[in-house]
Protein chains: 2
Amino acid sequence: MRVTNARNLHGHVTQELGVRIVSGQLRPGEILPREETLAEQMAVSRTALREAMRVLSAKGLVEARPKVGTRVRDERYWHQLDADVLAWRCASMPPADFVEKLVQMREIFEPAAAALAARRCDASQLKEIELAYLAMEASRNSDEWAVADLQFHEAVLIATNNELMSSLFSVVETALGSFFVQSARKSGDFKYSLPYHRQVFDAIRRKQPEVARRAMQQMIVDARANMTGKRRTRKSA
Amino acid sequence: MRVTNARNLHGHVTQELGVRIVSGQLRPGEILPREETLAEQMAVSRTALREAMRVLSAKGLVEARPKVGTRVRDERYWHQLDADVLAWRCASMPPADFVEKLVQMREIFEPAAAALAARRCDASQLKEIELAYLAMEASRNSDEWAVADLQFHEAVLIATNNELMSSLFSVVETALGSFFVQSARKSGDFKYSLPYHRQVFDAIRRKQPEVARRAMQQMIVDARANMTGKRRTRKSA
DNA sequence: TCTGAGCATATTGTATGATTATATAGACGC
DNA sequence: GCGTCTATATAATCATACAATATGCTCAGA
């Protein structure tokens, strides 16, 4: 999930400030200390701090102007689909309703992606999906399962041949990764969703978009039911 | 559409290099000149160049390592959903199939968004949708129309109360903005899609998710047909 | 009193030079 | 041939100086 490289100093600074902002410790509208003092507080040079600020600015989190200072921007300007912003959000104890929003996104584009994949994927992409499926089948514990599961869904998204779609993987799916495990654990049998995946894979292989769509839809609805414990939405959600 | 602030020098540099990379003028795997010489070529200081590099790196376009230099990363690592990356892509004469991908995204999440909005939106959000609709109705030329049209779709996305969803607006919709105009022009009457918008608005107001979904779906299918001139996909696309 | 031009000032923006850390490749010994 | 050590090129970090730019205040003039 980590995108911003924390090996570098400015990477650390970026994360540190990013988390503070996204978690709400620094509120929108608030003006940060001036570069010199902030750099001193964080024990880095102004250069490193500024490079971090540039990144945060590119993510829509802050806005800097001469004389007035650097201000935390309103949430509506944040690049919510940025992997870092999302990760920082997840790091700061995501409230249940945020997870819900992620799931909501999945419910929307994953079935559509399955349908697209059934139409458009080539042989090698299909092979990738199969490999992931076989890995799920062969998994011996829930950790192995989780890895293969993510691999499967990524392969499906890539098979759409729409890079915007696949980008949603690194954003939404990865953020949900930990919850997949959770979902698998709650059901007792971590392989409980294997038949669904089989259906999706088969439908894509046979070039049956609508079948693939429905299978994926059912899978997700079921996963949600498992996660939330009881709540179950209608199929149209 | 512009996100990266081009007022600043590093903003210019970011855009300049970003376009060069996304347009393919600088190819993945290629290693850029060292900071000193590149800064010299662009007639800026190393400071400005580095801040630009930091941003490009955050967008997944480049990767810098000591001793080896700064390398353009493979396309699969690019943050395709980043507004700048998208804008740069559109700036460099997007091939028709890329526009097609954008439309594909729209087809997937806009109907879903309309359904969500019908379920979840509050009074003030509904008011925003109405205002946008009225503005479309009152528009006297295709430019006014285009603005109001975008406003309408943004209002719908915001009314989902899912900020991930609304973020898709600034990304996908804005990129498509120019094509809306195109679509409206081709049809002769730029207000041709007003009835569709009315249907969507009414359905949301009456809390009819499925009606809203279908209306939005028809609108988009129609817009695509108008844009591509003839091609028409089945409703399930 | 109100208005507007202009000046003072605080803060970010840009530039430069020096030093440090790091990864690569080549030399050297085994 | 193979690993280790060293040289070196490059980015990373730091420190400092100066420029550009908003903001708000002062003060002249109506």
Side-chain angles (χ1 to χ4, degrees), chain A residues 2-18 20-21 26-74 77 84, chain B residues 2-18 20-21 26-74 77 84:
Chain A
R2 173 169 303 111
V3 174
T4 287
N5 207 334
R7 295 181 313 179
N8 300 329
L9 189 49
H10 51 256
H12 275 114
V13 177
T14 305
Q15 289 209 328
E16 170 73 22
L17 292 174
R20 277 196 214 166
I21 292 172
L26 293 171
R27 315 273 276 277
E30 195 168 337
I31 291 194
L32 305 184
R34 40 178 307 213
E35 289 179 350
E36 203 173 14
T37 66
L38 189 53
E40 196 176 1
Q41 284 176 19
M42 307 191 79
V44 297
S45 71
R46 221 186 121 206
T47 309
L49 177 71
R50 276 185 61 81
E51 291 186 3
M53 283 302 194
R54 283 273 80 61
V55 174
L56 294 177
S57 172
K59 293 179 189 304
L61 297 186
V62 301
E63 187 181 28
R65 322 191 71 151
K67 170 73 180 179
V68 55
T70 302
R71 180 190 310 274
V72 178
R73 298 187 77 186
D74 191 272
Y77 296 112
D84 283 321
Chain B
R2 174 167 303 112
V3 174
T4 287
N5 208 333
R7 295 181 311 180
N8 301 328
L9 189 48
H10 49 256
H12 274 114
V13 176
T14 305
Q15 290 209 329
E16 170 72 22
L17 291 175
R20 277 197 213 166
I21 292 173
L26 292 171
R27 314 270 277 277
E30 195 168 337
I31 290 193
L32 305 183
R34 39 177 309 205
E35 287 180 351
E36 205 172 18
T37 66
L38 189 53
E40 196 176 1
Q41 284 176 18
M42 308 192 77
V44 298
S45 69
R46 265 178 49 237
T47 309
L49 178 69
R50 276 186 61 82
E51 291 186 4
M53 284 301 194
R54 235 1 81 235
V55 174
L56 294 177
S57 171
K59 294 179 188 304
L61 298 186
V62 301
E63 188 181 28
R65 322 188 69 140
K67 170 73 180 180
V68 54
T70 302
R71 180 191 310 271
V72 179
R73 297 187 78 187
D74 191 90
Y77 296 112
D84 283 322

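Letters A, B, ... are given to chains in the order of the sequence lines, protein chains preceding strands, and every chain is numbered from 1.
- In this structure, the CD atom of Glu35(B) is 17 Å from the P atom of dA18(C), given to the nearest Å.
- Both Val68(A) and Leu32(B) sit near DNA chain D, but only Leu32(B) has its closest nucleotide nearer the 5' end.
- For the pair Asn8(A) CG and dC14(D) C1', the interatomic distance rounds to 15 Å; values are reported in whole Å.
- With dA18(C), dT11(C), dA23(C) as the choices, the nucleotide that has an atom nearest any side-chain atom of Arg7(A) turns out to be dA23(C).
- When the P atom of dT23(D) is taken as reference, atom CZ of Arg34(A) falls 17 Å away, rounded to whole Å.
- For the OP1/OP2 pair of dA15(C) and a distance below 4.0 Å, the side-chain nitrogens and oxygens of Ser45(B) include at least one atom meeting the criterion.
- Contacts of residues 51-66 of chain A with DNA chain C (heavy atom under 4.0 Å): Arg54(A), Ala64(A), Arg65(A), Pro66(A).
- Counting to the nearest Å, the P atom of dT13(D) and the NE2 atom of His12(A) are 10 Å from each other.
- Val62(A) and Ile21(A) make their closest contact through CG1-CD1, 3.6 Å (heavy atoms, listed as atom of the first residue, atom of the second, distance).
- Listed here is the closest heavy atom pair of Arg73(B) and Pro28(B): O-CB, 3.5 Å.
- The minimum heavy-atom distance between Leu17(B) and Met53(B), with the atom names listed, is CD1-CE, 4.1 Å.
- Of the charged side-chain nitrogens involved, at least one lies within less than 4.0 Å of a carboxylate oxygen, so that Arg50(A) and Glu51(B) count as a salt-bridged pair.
- Using a 4.0 Å cut-off between charged nitrogen and carboxylate oxygen, Arg71(B) and Glu63(B) do not count as a salt-bridge pair.
- Atom CD in Glu36(A) sits roughly 13 Å away from atom P in dA10(C) (whole-Å rounding).
- Contact between Gly69(B) and Ile31(B) at its shortest, heavy atoms only, is CA-CG2, 4.5 Å.
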Every protein N/O within reach of nucleotides 4-8 of chain D N/O, cut-off under 3.5 Å:
unit_1 : atom_1 : unit_2   : atom_2 : d
dT8(D) : O2     : Lys67(B) : NZ     : 3.4

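- OP1 or OP2 of dA11(D) has not a single side-chain nitrogen or oxygen of Arg50(B) nearer than 4.0 Å.
- Of the candidates Leu32(B), Leu61(B), Thr70(B), Val13(B), Leu56(B) forms a side-chain contact (heavy atoms from CB on, under 4.5 Å) with just one, namely Leu61(B).
- In this entry the distance linking CZ of Arg71(A) with P of dA22(D) reads 14 Å, nearest Å.
- In terms of heavy atoms, Pro33(B) sits closest to Leu38(B) at O-CB, 4.0 Å.
- Atom CG of Leu9(B) and atom P of dT21(D) are 11 Å apart (whole Å).
- Nearest heavy atoms, Arg7(B) versus Ala64(A): NH2-O, 4.4 Å.
- Residue His10(A) places at least one side-chain N or O closer than 4.0 Å to OP1 or OP2 of dT13(D).
- In the set dA17(D), dA11(D), dG17(C), dA17(D) carries the atom at the smallest distance from any side-chain atom of Arg46(A).
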